[in-house]
**Q** 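Have a look at the structure that comes next, please.
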Amino acid sequence: MHPVRKQRLYLVLFIALFSSIAVGLVVYALRGNINLFYPPAEVAAGKAPTGQPIRVGGMVLEDSLQRAPDSLAIRFKLTDYEAAVDVVYVGILPDLFAEGQGAVASGVLNEEGVLEATEILAKHDENYMPPEVTHALENSAYDEKGNAK
Amino acid sequence: MWPIFHKFGSPPWLYAIAGAILRWLLPITLLALVTGMVWGLLFTPSENVQGNSYRIIYIHVPAAVVALAGYYVMALAGAVSLIWRMKMADVAMKAAAPVGAALTFVALFTGAIWGKPTWGTWWVWDARITSMLILLFLYLGVVALYEAFDNKEAAGKACAVLSLVGMVNIPIIYKSVDWWYSLHQGASIKFTGETSIHPSMLYPLLLMIAAFYALFTCALLLNMRAELLQREQRTQWVQKLLSKDVVN
Amino acid sequence: MYFDSLHAALDMGGHGFYVWTAYSVTIVMIALVVIAPVLRRRRFLRQLAGQLKRAQVATAENTRGER
């Protein structure tokens with residue numbers, strides 16, 4: 001290769017390498033802040049601050065959802081199967097919010113460790129199935145990977 | 001290998017070959033896009049959890065995938081033009097930027113619309129979504145930077161450096177949902193491991209991804225032809241092309 | 001077809017507005033991405049052809065003038 005071109009090639013590699021390192025360091029420094037939410041285990045371990053707005057994300061624990069009979073107030077538990085966080089919320093829920101589904105609640109953690117949420121977002125997974133297939137799988141003795149249940 | 005490489009450096013050859021490719025690729029692309037959209041909208045089953053709103057996947061995922069791949073095309077063209085001072089690589093880099101910006105915009109816009117009925121919000125400052133917004137600014141930055149220079153050679157160099165620096169963002173976008181806790185779900189089509197999307201939904205999605213790749217190629221070639229003509233307007237081959245056009 | 005009627009396809013179980021808006025905007029953007037460079041190239045060809053014609057007329061007049 002021509003020496004001038006070789007020099008330019010090194011320049012290009014230098015740009016790519018050093019911008020990667022710079023961005024890598026920024027991302028590393030901000031690693032906590034880039035996370036959209038705390039998992040319940042970190043909240044239980046006391047890593048999440050109380051008294052300031054945070055987000056907690058996880059699965060809505062089965063049979064934990066309680067609705068107030070006369071208002072839109074609800075109470076449920078968010079879990080990552082290691083720990084669970086109680087969440088209270090008043091308002092309209094997204095359509096996809098359901099027990100056993102993912103959700104992200106934003107609000108303030110009070111002294112009792114209960115998240116007083118001001119917004120609930122539903123989180124869904126990367127599985128896409130037609131309803132008939134899902135129902136068939138539920139009734140079948142095998143799961144979608146063909147293993148016996 | 002090298003003769004082909006040198007041919008790519010020849011504007012009239014590139015102009016002619018791009019025209020020849022477009023003559024059959026453009027109709028096929030449009031046909032594939034229409035087929036994929038109709039298939040996805042009307043002939044696939046609804047989704048168990050999301051209902052019919054999931055049909056946005058057939059434009060959202062292909063636009064996002066090709067917006068990321070298109071950035072590599074732009075940055076690679078930028079590197080070639082920096083190292084070998086190849087004019088046609090500079091043309092390709094400049095041509096890729098607006099197409100990539102349009103695709104990134106489509107991915108962000110359809111994602112926002114999809115987010116409302118599923119997540120319950122149009123927008124959230126999530127790692128995946130924010131890094132995708134940075135991608136849009138990088139593409140638009142290349143377009144704007146090119147226009148900002150009077151000296152086009154300097155413009156090409158500056159844009160090449162910008163697109164190379166911005167390349168770090170691509171793996172970040174790709175891995176953001178694995179590295180951080182994010183509202184955005186992970187990839188459904190995996191290169192390793194099980195694909196978690198039912199075949200009846202996967203095939204139209206694959207068709208749409210192929211169609212968007214073809215669309216990117218078509219738009220890139222169309223932009224390159226327009227750019228070539230403008231840059232080479234005083235050369236003999238353009239004059240010859242014109243006299244042929246004027247006579248006909 | 002998955003839907004029973006045109007109305008059902010437009011409504012999409014209540015998600016029609018979202019789905020059809022997303023597709024409409026995408027189609028507009030695809031059209032823009034394809035048509036913009038075609039128009040740009042055509043404009044140039046016309047412009048250059050005009051220049052060429054004027055140049056030809058000018059040379060023709062010059063040669064007449066020299067006689």
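Throughout, protein chains are lettered first and strands after them, A, B, ... in sequence-line order, and every chain is numbered starting at 1. Both backbone and side-chain heavy atoms feed into the values below; hydrogens, waters and symmetry mates do not.
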**Q** Does atom CD (Gln7(A)) have a neighbourhood of more than 12 heavy atoms from anything else shown, all under 6.0 Å?
**A**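 No, the 6.0 Å shell around CD holds no more than 12 heavy atoms from other groups.
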**Q** OH of Tyr181(B) to CG of Asp80(A): how many Å apart, nearest 0.5 Å?
**A**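 It is 7.5 Å, given to the nearest 0.5 Å.
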**Q** Kindly say whether Met129(A) contributes a backbone atom to a donor-acceptor pair with the side chain of Asn48(B) at under 3.5 angstrom?
**A**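 Flag not set: sc Asn48(B) to bb Met129(A) has no pair under 3.5 Å.
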**Q** Between Trp119(B) and Asp95(A), does the side chain to side chain contact (heavy atoms under 4.5 Å, CB included) criterion hold? Intermediate values first, please.
**A** CA-CA 8 Å; Trp119(B) 297 341; Asp95(A) 294 349; over 6 Å; no
**Q** Quick one: closest heavy-atom pair of Leu36(A) and Trp125(B), and the distance?
**A**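 It is CD1-O, 3.8 Å.
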**Q** Determine which pairs satisfy side chain to side chain donor-acceptor pair (under 3.5 Å) with at least one residue from residues 167-176 of chain B, sequence neighbours left out, and list them in order.
**A**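 Sorted result for residues 167-176 of chain B: Arg128(B)-Ser176(B), Lys175(B)-Asp178(B).
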**Q** How about CD on Glu111(A), more than 12 heavy atoms from neighbouring residues, nucleotides or ligands closer than 6.0 Å, or not?
**A**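 12 or below, so no.
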**Q** Taking Gln185(B)'s backbone N and O only, do any of them form a donor-acceptor pair with Glu126(A)'s side chain (distance below 3.5 Å, no angle check)?
**A**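 Judged by distance alone, no pair lies under 3.5 Å.
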**Q** Hey, which of Gly24(A), Ala122(A), Ala103(A), Gly102(A) has the most heavy atom pairs under 4.5 Å with chain B?
**A**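 Maximum pair count with chain B is reached by Ala122(A).
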**Q** Mind checking whether Met201(B) and Pro130(A) have side chains closer than 4.5 Å, heavy atoms only?
**A**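 Result yes, sub-4.5 Å side-chain heavy-atom pair found.
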**Q** In Å and rounded to the nearest 0.5 Å, what is the CH2 to NE2 distance from Trp114(B) to His124(A)?
**A**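 Interatomic distance, Trp114(B) CH2 to His124(A) NE2, rounded to 0.5 Å: 5.5 Å.
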**Q** Minimum heavy-atom separation for Phe37(A) to Leu183(B), with atom names?
**A**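 Looking at all heavy atoms of both residues, the closest pair is CE2-N, 4.4 Å.
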**Q** Heavy-atom distances under 4.5 Å only: say whether Ile172(B) touches chain A with side chain, backbone, both or neither.
**A**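 Looking at Ile172(B), just its side chain touches chain A.
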**Q** Do other residues, nucleotides or ligands put more than 12 heavy atoms under 6.0 Å from the CZ atom of Phe149(B)?
**A**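 Atom CZ in Phe149(B) is packed in, count exceeds 12.
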**Q** Apply side chain to side chain contact (heavy atoms under 4.5 Å, CB included) to the pair Ser196(B) and Tyr128(A), showing each step before the final yes or no.
**A** CA-CA 6 Å; Ser196(B) 54; Tyr128(A) 295 89; 5.7 Å; no
**Q** Go through the steps for Arg55(A) and Val124(B) under the test side chain to side chain contact (heavy atoms under 4.5 Å, CB included), then give the verdict.
**A** CA-CA 12 Å; Arg55(A) 287 199 183 93; Val124(B) 59; 3.9 Å; yes
**Q** Heavy-atom distances under 4.5 Å only: say whether Gln101(A) touches chain B with side chain, backbone, both or neither.
**A**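 Just its side chain gets close to chain B.
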**Q** Should we say atom NZ of Lys152(B) is surrounded by more than 12 heavy atoms from elsewhere, each under 6.0 Å from it?
**A**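 Yes, the 6.0 Å shell around NZ holds more than 12 heavy atoms from other groups.
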**Q** Can you confirm whether Arg8(A) sits close enough to Arg85(B) that some side-chain heavy atom of one is under 4.5 Å from a side-chain heavy atom of the other?
**A**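 Yes, side chains in contact.
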**Q** Chain A heavy atoms under 4.5 Å from Ile189(B): which part of the residue, side chain, backbone, both or neither?
**A**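 Contact with chain A is absent: no heavy atom of Ile189(B) under 4.5 Å.
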**Q** Specify the closest pair of heavy atoms between Asn127(A) and Glu47(B), including all atoms of both residues, with the distance to one decimal.
**A**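 Answer, listing the atom of Asn127(A) first, then Glu47(B): O-OE2, 3.4 Å.
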**Q** Let's go through Val165(B) and Ile15(A) carefully: what are the C-alpha distance in whole Å and the side-chain angles of both, what is the deciding distance for side chain to side chain contact (heavy atoms under 4.5 Å, CB included) to 0.1 Å, and is it a yes or a no?
**A** CA-CA 7 Å; Val165(B) 170; Ile15(A) 293 170; 3.6 Å; yes
**Q** Name the region of Ile120(A), side chain, backbone, both or neither, that has any atom closer than 4.5 Å to a heavy atom of chain B.
**A**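 For Ile120(A), backbone heavy atoms alone lie under 4.5 Å from chain B.
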**Q** Among the options Pro39(A), Pro131(A), Pro94(A), pick out the one with the most heavy-atom pairs lying under 4.5 Å from chain B.
**A**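 Ranked by contacts with chain B, first place is Pro131(A).
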**Q** Counting heavy-atom pairs closer than 4.5 Å to chain A, which one of Ser46(B), Gly120(B), Ala127(B) comes out on top?
**A**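 Heavy-atom pairs under 4.5 Å are most numerous for Ser46(B).
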**Q** As an exercise: rank Ala22(A), Ala98(A), Ser19(A) by heavy-atom pairs under 4.5 Å with chain B and give me the winner.
**A**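 Ranked by contacts with chain B, first place is Ser19(A).
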**Q** So which of Ser200(B), Ser182(B), Pro199(B), Pro171(B) has the largest heavy-atom pair count under 4.5 angstrom toward chain A?
**A**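 Heavy-atom pairs under 4.5 Å are most numerous for Ser182(B).
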**Q** Of the non-hydrogen atoms in Gln50(B) and Leu96(A), which two are nearest, and what is the gap between them?
**A**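 Heavy atoms of Gln50(B) and Leu96(A) come nearest at CG-CD2, 3.8 Å.
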**Q** Can you tell which of Leu13(A), Leu9(A), Leu11(A) makes a side chain to side chain contact (heavy atoms under 4.5 Å, CB included) with Ile83(B)?
**A**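 The passing option is Leu9(A).
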**Q** Count the heavy atoms belonging to other residues, nucleotides or ligands that lie under 6.0 Å from CG of Asn151(B), then report whether that count exceeds 12.
**A**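 Count over threshold, so yes.
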**Q** Please state whether the side chain, the backbone, both or neither of Ala160(B) comes within less than 4.5 Å of a heavy atom of chain A.
**A**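 Interface part for Ala160(B): neither.
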